[in-house]
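Working notes for the structure below.
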2 protein chains.
Amino acid sequence: MESEELRNAGLKVTTPRLKILTLLEKASERHMTAETIYRLLAEGGEVIGLATVYRALAQFEAAGLITRHHFDSGQTVYELERGPHHDHIVCIRCGRVEEFYDKMIEERQREIAASLGFTLSDHALTLYGECNSPDCLAGKG
Amino acid sequence: MESEELRNAGLKVTTPRLKILTLLEKASERHMTAETIYRLLAEGGEVIGLATVYRALAQFEAAGLITRHHFDSGQTVYELERGPHHDHIVCIRCGRVEEFYDKMIEERQREIAASLGFTLSDHALTLYGECNSPDCLAGKG
DNA sequence: CTTGCTTTTGATAATCATTCTCATCTATAT
DNA sequence: ATATAGATGAGAATGATTATCAAAAGCAAG
Ligand SMILES: [Zn+2]
Ligand SMILES: [Zn+2]
Ligand SMILES: [Zn+2]
Ligand SMILES: [Zn+2]
């Protein structure tokens with residue numbers, strides 16, 4: 001249960017934290033901004049201060065429960081840390097986010113870093129393009 | 001000369017624009033924030049309004065003269081568009097930025113996008129790690 | 001080289017996302 | 001149930017970026 005996850009992370013079990021963590025686990029979209037999380041909670045009748053949302057997200061990240069991304073929109077996007085590492089492809093028309101993992105790219109990155117004298121600790125790879133989802137294509141002029 | 005570049009970009013030739021473009025071409029560091037550009041100019045005796053710096057950078061980008069990046073620091077970094085495409089590796093200790101190009105990774109990206117039904121138009125790849133430059137290592141605790 | 005029209009500049013206000021402050025409230029251990 | 005460290009929420013503060021607008025500068029014509 002979510003209470004366990006919070007306790008394991010060394011965080012007190014509070015209503016706001018439970019609501020936010022639950023939303024991150026249940027929401028249909030896995031990649032959300034703090035504003036979106038705040039709004040979705042409010043729409044669901046759970047009014048939690050925006051500052052509290054930001055605080056909880058920072059704590060969850062420190063505890064390794066979630067990760068943050070900076071897509072080109074500029075705004076920070078959060079997602080639940082679940083399953084193995086992956087990178088992202090974002091539709092520049094409708095904003096849809098898909099995930100992928102490519103062993104070859106991951107390996108090349110390590111080789112490149114080593115060849116440049118860096119000890120690799122992290123990376124951010126995001127592809128941008130237009131997707132072929134029916135909803136997205138429908139919006140075409 | 002820089003005047004030509006501005007005219008070709010459809011921009012009037014003005015002193016602030018010339019100074020900014022010249023700095024982008026001459027500075028030892030190719031990747032700079034708007035603030036850094038503003039400060040370097042001011043230190044060189046060329047006081048140009050910060051708003052003008054931001055405006056010029058936006059116009060240069062629209063004209064394809066420069067590109068912008070969002071490294072994990074959050075702040076926007078600008079660099080002169082010169083030579084072929086490349087990606088970046090950033091030292092998380094000293095901030096040094098190196099550039100690299102990997103044909104294999106570029107190709108894989110296109111394949112991945114296609115396999116997910118996306119028409120790839122752009123991408124952002126940044127590696128993070130600790131570099132082995134003497135200056136950087138010296139700062140170690 | 002002046003005139004006149006258009007664009008640009010710079011100071012500053014406004015905006016946006018995010019963080020901080022602090023008085024009040026709450027989770028947990030006794 | 002009580003005490004106490006920690007959490008919350010409202011709103012102020014911050015930092016980066018953009019918008020406003022009067023004054024200044026670029027540019028084409030005469
Ligand atoms: Zn789409
Ligand atoms: Zn993801
Ligand atoms: Zn570069
Ligand atoms: Zn370094």
Side-chain angles (χ1 to χ4, degrees), chain A residues 1-23 31-42 45-63 65-79 95, chain B residues 1-23 31-42 44-63 65-78 95:
Chain A
M1 193 185 315
E2 289 88 22
S3 316
E4 277 312 309
E5 298 182 57
L6 290 176
R7 255 187 285 272
N8 292 341
L11 297 169
K12 278 189 185 175
V13 178
T14 68
T15 306
R17 283 172 187 162
L18 282 173
K19 302 288 188 195
I20 294 166
L21 191 52
T22 301
L23 177 70
H31 309 83
M32 291 182 284
T33 66
E35 271 287 334
T36 300
I37 292 166
Y38 169 79
R39 186 168 41 70
L40 286 178
L41 287 170
E46 312 288 1
V47 177
I48 292 169
L50 184 54
T52 301
V53 173
Y54 274 104
R55 266 186 303 239
L57 290 171
Q59 294 157 338
F60 292 177
E61 190 196 11
L65 293 175
I66 64 177
T67 50
R68 68 166 67 198
H69 309 292
H70 289 92
F71 298 155
D72 270 4
S73 67
Q75 260 176 273
T76 305
V77 170
Y78 301 84
E79 86 169 295
Chain B
M1 195 184 314
E2 289 89 20
S3 316
E4 278 312 309
E5 298 183 58
L6 290 176
R7 256 187 286 273
N8 292 342
L11 297 169
K12 277 190 184 174
V13 178
T14 68
T15 307
R17 284 173 187 159
L18 281 173
K19 302 288 188 197
I20 294 166
L21 191 51
T22 301
L23 177 70
H31 307 84
M32 291 182 283
T33 66
E35 271 287 334
T36 301
I37 292 166
Y38 170 79
R39 186 169 42 71
L40 286 179
L41 287 170
E46 312 287 2
V47 177
I48 291 169
L50 183 56
T52 301
V53 173
Y54 275 106
R55 265 187 306 239
L57 290 171
Q59 294 158 338
F60 292 177
E61 190 196 11
L65 292 175
I66 65 176
T67 50
R68 69 166 67 198
H69 309 291
H70 289 91
F71 298 154
D72 270 5
S73 66
Q75 260 176 275
T76 305
V77 170
Y78 301 84

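Here is how names work: the chains are called A, B, and so on, in the same order as the sequence lines, proteins then strands, and each is numbered from 1.
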In whole Å, I'd like the distance from the CG atom of L18(B) to the C1' atom of dT8(C). 13 Å
Would you indicate what R55(A) reaches in the nucleic acid, counting non-hydrogen atoms under 4.0 angstrom: base, sugar-phosphate, or nothing? base
Mapping T14(B) and A51(B) to their closest nucleotides on DNA chain C, which lands nearer the 5' end? T14(B)
Side-chain N or O of Y54(B) closer than 4.0 Å to phosphate OP1/OP2 of dT18(D): no
To the nearest Å, how far apart are L50(A) CG and dA12(D) P? 15 Å
Take G74(B) and K12(B), find for each the nucleotide of DNA chain D with the closest heavy atom, and name the residue whose nucleotide sits nearer the 5' end. G74(B)
Is there side-chain contact between T33(A) and Y38(A), with at least one heavy-atom pair below 4.5 Å? no
Selected nucleotide, minimal atom distance to I48(B) side chain, candidates dG10(C), dG26(D), dG9(D): dG10(C)
Against the side chain of T15(B), the closest entry in dG26(D), dT8(C), dG9(D) is dG26(D)
Can you find a pair of side-chain heavy atoms, one from M32(B) and one from V77(B), that are under 4.5 Å apart? no
Side chains of E2(B) and V13(B): closer than 4.5 Å at any heavy-atom pair? no
Measuring from F71(B):CZ to T76(B):OG1, what's the distance to the nearest 0.5 Å? 10.5 Å
How far apart are the closest heavy atoms of I20(A) and L57(A), and which atoms are they? CG2-CD2, 4.5 Å
So, does T52(B) get its side chain near the phosphate of dG10(C), meaning an N or O under 4.0 Å from OP1 or OP2? yes
Integer-rounded Å distance: dT17(D) C1' and E61(B) CD: 13 Å
Round to the nearest Å and state the distance from I37(A) atom CD1 to dA17(C) atom P. 14 Å
Closest of dA7(D), dT9(C), dC27(D) to the R17(A) side chain is dA7(D)
Tell me: CG of D72(A) to P of dT17(D), nearest whole Å? 14 Å
Measure from OH on Y38(B) to C1' on dT12(C) and round the result to the nearest Å. 13 Å
Is the phosphate of dT18(C) approached by T76(A) (side-chain N or O, under 4.0 Å from OP1 or OP2)? yes
What is the distance, rounded to the nearest whole Å, between atom CG of L6(B) and atom P of dT8(C)? 11 Å
Length of the CD1-C1' vector between I20(B) and dT8(C), whole Å: 12 Å
With a non-hydrogen cut-off below 4.0 angstrom, is Q75(A) in contact with a base, only sugar-phosphate, or nothing? sugar-phosphate
Closest nucleotide of DNA chain D for T33(B) versus for R7(B): which of these residues is on the 5' side? T33(B)
